[in-house]
Student: 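Input: one structure, supplied below.
Atoms considered below: every heavy atom in the structure, side chains included; atoms not considered: hydrogens, waters and symmetry mates.
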Amino acid sequence: MIFYQKKKETMFCTFMVLEKIMKKQLQNQKDIFIEQLIELLKIPSISADPHYKEDVKKTAIWIENALNHIGCSSVQIYETEGHPVVYGEVLVSETAPTVLVYGHYDVQPPDPLELWESPPFEPVIKKTDLHPKGAIFARGACDDKGQMLMHLKAVELLKKNNALTNNIKFIIEGEEEVGSDHLEKFITDNKSMLQSDIILISDTGINSIENPAITTGLRGLSYMEVSVTGPNRDLHSGLYGGTVANPINVLCDMIASLHDENKRVNIPGFYDQVEEISELERKKMNENGTDENSFKASIGIEAVMGEKGFTTLDRRSIRPTLDVNGIWGGYIGEGAKTVIPSHAHAKISMRLVPNQDWQNISQLFEQHFKAIAPKGVKVEVTTHHGGNAYVTPTDSLAYKAAEKAYKDVFGVVPHAKRDGGSIPIVPMFEKVLETKTLLMGFGFDSDAIHSPNEHYGIENFLKGIETISLFHPYFSKLYEDQ
């Protein structure tokens, strides 16, 4: 097999030689790449907190400089009504395929800070059982700064060797962790500029270095907030206890009723459009799944819980869920204060599967939650954000190219898996740009994304760069041969 680049001079080389070149140069550059990632991780680009607005902007400038460094043209920071989008491109030929690389530079809030073993924005490298070669501990290490940076470094290596065979367009945003509220307008307004043959995202993961996978499915999301209001002020629990509805008690009862005895979501119409997976596909998926004992051990639990009739892997990937993400109300300070609170609140997320429309599910939730409220309280329901589920084809040229690249780097053919997480912009990309997405993630489920002590394996980071650098020539070769 050969790869080639359509320029005035055509360069021929075997993929085997290219792989050796990439591996050697990556080895020579790895310390520099790791230092660059550490530098990026030091910036607290927390998009949810307005206090960090300048840090988010500072990160966008860092990305702008990084795109310029690897030789991108048309590099620009695009302001939105929220946080900026950074764009850059490398165009090699009018006839070459075009890959649109998406990533995000914003991160989740690091709370609770007291549970971090080291400060979240002071990256440290430590060895762990799952990362014997070391992992970088910092907020955003895996989600998504480390995985986003892999793409820039892969393109940098290919360009240095005159081996880049695809047109590359980068779109790196700063609002993914708060719902990408302004991204759809940006891509709609810039639809022509963003046209591509495939969209490439690394914001997912693999089971292990020995058992790599390509994510072929993502669940959708509906994120809600509920408030229950009782009396017009906090009341003395001695004088009023037993005579009025306690908003916290009521909220807990209402939330408890959202699941039945089989742990199914107890909202009318919730399952009406759920995609049912065949027994054969479920069996195949579970053959490549994570060992349940290892799963329990990794998060320190003795037993799993979930919808009756399904495996742990099923529940994490192909079944919809409803979970409370936070609950508060009343007095939570030091010591005691005997009050019946006036208000109680909760944040609730629902992970959705194909055919479930997130806006419809949000409406069903709101209708049901208000309907089950007892007299004596008022209920308010707010929809924050959401997105639909997505399934990517496994017979596309891009998927086949990714399979080849993973096999070269990891030594085994990756299996297809569906993830439980959500990337709401993926179905939105397809709707607006009419382009499929390929999900090439390299993190582990145990990397504590969104949690204290988030980390990303050094080996994962480097193998990700190597795999992506091979994906591009494989994709252009398959594209030309079709």
Side-chain angles (χ1 to χ4, degrees), residues 30 33-48 59 62-63 66 101-111 115-154 172-174 176-178 200-209 211-215 218 290 295 298-299 316 406 409-410 417 419-423 425-426 439-468:
K30 69 176 185 178
F33 291 173
I34 291 168
E35 282 302 316
Q36 290 172 344
L37 175 55
I38 288 173
E39 179 185 326
L40 176 60
L41 292 170
K42 288 180 180 179
I43 312 173
S45 51
I46 305 168
S47 54
T59 314
W62 195 100
I63 300 297
V101 177
Y102 165 86
H104 65 91
Y105 63 83
D106 64 320
V107 301
Q108 284 273 325
D111 309 78
L115 296 183
W116 283 81
E117 295 174 1
S118 56
F121 297 105
E122 296 178 18
V124 296
I125 298 176
K126 296 185 290 186
K127 293 182 179 180
T128 71
D129 290 342
L130 292 178
H131 295 292
K133 297 182 181 180
I136 302 176
F137 282 73
R139 173 56 88 226
C142 182
D143 183 21
D144 180 48
K145 288 179 177 178
Q147 299 216 64
M148 174 270 295
L149 192 62
M150 297 184 307
H151 290 275
L152 276 67
K153 299 297 102 178
I172 316 295
E173 69 149 325
E176 195 274 346
E177 299 293 4
V178 289
L200 188 57
I201 299 177
S202 292
D203 202 2
T204 52
I206 57 177
N207 291 341
S208 67
I209 295 296
N211 185 23
I214 300 174
T215 298
L218 297 164
T290 305
F295 170 75
S298 70
I299 53 177
R316 296 176 66 197
Y406 275 82
V409 174
F410 290 89
K417 72 165 186 171
D419 273 357
S422 307
I423 309 179
I425 54 92
V426 173
L439 300 161
M440 291 178 64
F442 298 90
F444 290 164
D445 288 344
S446 58
D447 285 343
I449 63 173
H450 292 204
S451 301
N453 304 307
E454 177 182 352
H455 54 281
Y456 190 37
I458 297 295
E459 185 175 15
N460 301 60
F461 177 63
L462 297 176
K463 283 189 177 293
I465 296 172
E466 187 179 355
T467 306
I468 293 165

Student: Just verifying a value: how many Å separate Ile206 CD1 and Asn211 CG, rounded to the nearest 0.5 Å?
Tutor: 8.5 Å
Student: Lys417: what forms a salt bridge (charged side-chain N to carboxylate O under 4.0 Å, His left out) with it, not counting sequence neighbours?
Tutor: Asp419
Student: For a 4.5 angstrom cut-off between non-hydrogen side-chain atoms, does Val101 reach Ile468?
Tutor: no
Student: Between CD1 of Ile63 and OH of Tyr105, what distance do you get to the nearest 0.5 Å?
Tutor: 8.5 Å
Student: Shortest non-hydrogen contact from Pro110 to Ile46?
Tutor: CD-CD1, 3.7 Å
Student: Could you tell me if the side chain of Leu41 sits less than 4.5 Å from the side chain of Val107, heavy atoms only?
Tutor: no
Student: Looking at every non-hydrogen atom in both residues, tell me the closest pair between Val178 and Asp106 and how far apart they are.
Tutor: N-OD2, 4.2 Å
Student: Rounded at 0.5 Å granularity, tell me how far NE2 in His131 sits from OH in Tyr456.
Tutor: 9.0 Å
Student: Identify the heavy atoms of Ile38 and Pro123 that sit nearest to each other, and give their distance.
Tutor: O-CG, 3.7 Å
Student: Roughly how far apart are Leu462 CG and Ile465 CD1, rounded to 0.5 Å?
Tutor: 5.5 Å
Student: Is any side-chain heavy atom of Pro132 less than 4.5 Å from a side-chain heavy atom of Lys127?
Tutor: no
Student: If you compare all heavy atoms of Thr204 against all heavy atoms of Met440, which two are closest, and at what distance to 0.1 Å?
Tutor: OG1-C, 4.2 Å
Student: Surrounding NZ of Lys126 (heavy atoms of other residues, nucleotides or ligands, distance under 6.0 Å), is the total greater than 12?
Tutor: yes
Student: Looking at Phe442, is Lys463 sitting on its ring face, NZ or CZ under 6.0 Å from the six-membered ring centre and within 45 degrees of the normal?
Tutor: no
Student: The criterion is salt bridge (charged side-chain N to carboxylate O under 4.0 Å, His left out); which residues satisfy it with Glu176, sequence neighbours excluded?
Tutor: none
Student: For Ser298, what residues pass the side-chain contact (heavy atoms from CB on, under 4.5 Å) criterion, not counting sequence neighbours?
Tutor: none
Student: I need the minimum non-hydrogen distance between Ser202 and His151, along with the two atoms involved.
Tutor: OG-NE2, 2.7 Å
Student: Quick one: list whatever passes salt bridge (charged side-chain N to carboxylate O under 4.0 Å, His left out) with Glu173, sequence neighbours left out.
Tutor: none
Student: Lys133: which residues meet the salt bridge (charged side-chain N to carboxylate O under 4.0 Å, His left out) condition with it, sequence neighbours left out?
Tutor: Glu459
Student: Could you tell me whether a side-chain N or O of Asn453 sits under 3.5 Å from a main-chain N or O of Ala448, the two making a donor and an acceptor?
Tutor: no
Student: Considering only heavy atoms from C-beta outward, does the side chain of Asp445 approach that of Phe295 to under 4.5 Å?
Tutor: no
Student: Show me the side-chain donor-acceptor pairs of residues 136-146 shorter than 3.5 Å, one per line, residues at least two apart or across chains.
Tutor:
| unit_1 | atom_1 | unit_2 | atom_2 | d |
| --- | --- | --- | --- | --- |
| Arg139 | NE | Gln108 | O | 3.2 |
| Arg139 | NH1 | Ser451 | O | 3.0 |
| Arg139 | NH1 | Glu454 | OE1 | 2.8 |
| Arg139 | NH2 | Pro109 | O | 3.2 |
| Arg139 | NH2 | Ser451 | O | 3.3 |
| Asp143 | OD1 | His104 | NE2 | 3.1 |
| Asp143 | OD2 | His450 | NE2 | 3.0 |
| Asp144 | OD2 | His104 | N | 3.2 |
| Lys145 | NZ | Leu40 | O | 3.2 |
| Lys145 | NZ | Ile43 | O | 2.9 |
| Lys145 | NZ | Ser45 | OG | 3.0 |

Student: Are Phe33 and Leu149 side-chain neighbours, meaning at least one heavy-atom pair lies under 4.5 Å?
Tutor: no
